[in-house]
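Submitted below is the structure of interest, expressed as structure tokens.
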Amino acid sequence: MIVCSCNILSDGDVKACLKPGPECPRTPAQVYRCLGCSPNCGRCARTIRAIMDQALTAAGVEPIAACNRGCCPTTLEKAAAEPTL
């Protein structure tokens with residue numbers, strides 16, 4: 001399945017860079033670099049992160065925790081969905 005239409009990256013491409021060890025990409029930006037490209041629109045970053053988390057968990061590696069600083073799009077979307085009192 002194509003996960004990045006800007007760079008024509010598939011889920012298989014993402015999984016192929018996730019090899020155990022210290023040089024394993026731990027962020028979507030590192031996956032882009034591993035694959036020799038860079039993000040254009042950025043819409044695929046969440047999907048790449050999900051593929052990474054799933055593959056790393058299956059390999060017995062602890063995925064990196066989500067951003068807690070409130071600056072990431074998923075954090076902002078979650079905050080926007082919560083009612084304020």
Side-chain angles (χ1 to χ4, degrees):
M1 156 180 81
I2 298 295
V3 296
C4 175
S5 55
C6 296
N7 291 299
I8 316 299
L9 301 178
S10 70
D11 58 332
D13 295 329
V14 173
K15 290 175 188 175
C17 356
L18 303 176
K19 297 183 169 86
E23 295 185 18
C24 179
R26 302 294 247 151
T27 65
Q30 291 174 343
V31 168
Y32 287 115
R33 281 194 296 274
C34 175
L35 295 171
C37 58
S38 61
N40 289 330
C41 73
R43 283 191 246 163
C44 57
R46 257 191 252 156
T47 303
I48 290 173
R49 169 94 264 163
I51 292 167
M52 291 173 64
D53 288 348
Q54 185 179 36
L56 292 172
T57 300
V61 177
E62 185 70 27
I64 292 178
C67 174
N68 292 322
R69 294 180 302 185
C71 58
C72 296
T74 55
T75 305
L76 295 173
E77 286 173 7
K78 183 179 176 185
E82 294 175 357
T84 56
L85 300 175

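Remember, it's a predicted structure, so these values are computed and weren't measured experimentally.
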### Message
Check for me, please, whether Val14 and Met1 land in the same ILVMFWY cluster - side-chain distances under 4.5 Å, paths through other members count.
### Response
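The answer is yes; both residues are in one hydrophobic cluster.
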
### Message
Which heavy atom of Ile8 sits nearest to which heavy atom of Asp13, and what is that distance?
### Response
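Distance-wise, the nearest heavy atoms are O-OD2, 4.0 Å.
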
### Message
So, taking the atom named CD1 in Ile48 and the one named SG in Cys4, what distance separates them when rounded to the nearest 0.5 Å?
### Response
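Ile48 CD1 to Cys4 SG: 6.0 Å, rounded to 0.5 Å.
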
### Under 3.5 Å: donor-acceptor pair, side chain of Asn7, backbone of Pro39
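No.
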
### Query
Between CE of Met52 and OG1 of Thr57, what distance do you get to the nearest 0.5 Å?
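So the CE of Met52 and the OG1 of Thr57 are separated by 11.0 Å.
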
### Task
Calculate, to the nearest 0.5 Å, the distance between atoms CD1 and OG1 belonging to Ile2 and Thr47 respectively.
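Separation between the atoms: 12.5 Å.
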
#### Entry: Gap separating the CZ atom of Arg49 from the CD atom of Gln54, nearest 0.5 angstrom
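One finds 12.5 Å between CZ of Arg49 and CD of Gln54.
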
### Query
Between Ala45 and Tyr32, what is the shortest heavy-atom contact and its length?
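Shortest heavy-atom separation between Ala45 and Tyr32 comes out as N-OH, 4.1 Å.
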
#### Entry: Heavy-atom pair of closest approach, residues Asn40 and Cys6
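Looks like ND2-CB, 3.3 Å.
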
### From Leu9 atom CG to Cys44 atom SG, the distance as rounded to the nearest 0.5 Å
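SG of Cys44 is found 7.0 Å from CG of Leu9.
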
### Query
Hey, what do you get for OG1 (Thr27) to CZ (Arg33), rounding to the nearest 0.5 Å?
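Reported to 0.5 Å precision, the distance equals 6.0 Å.
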
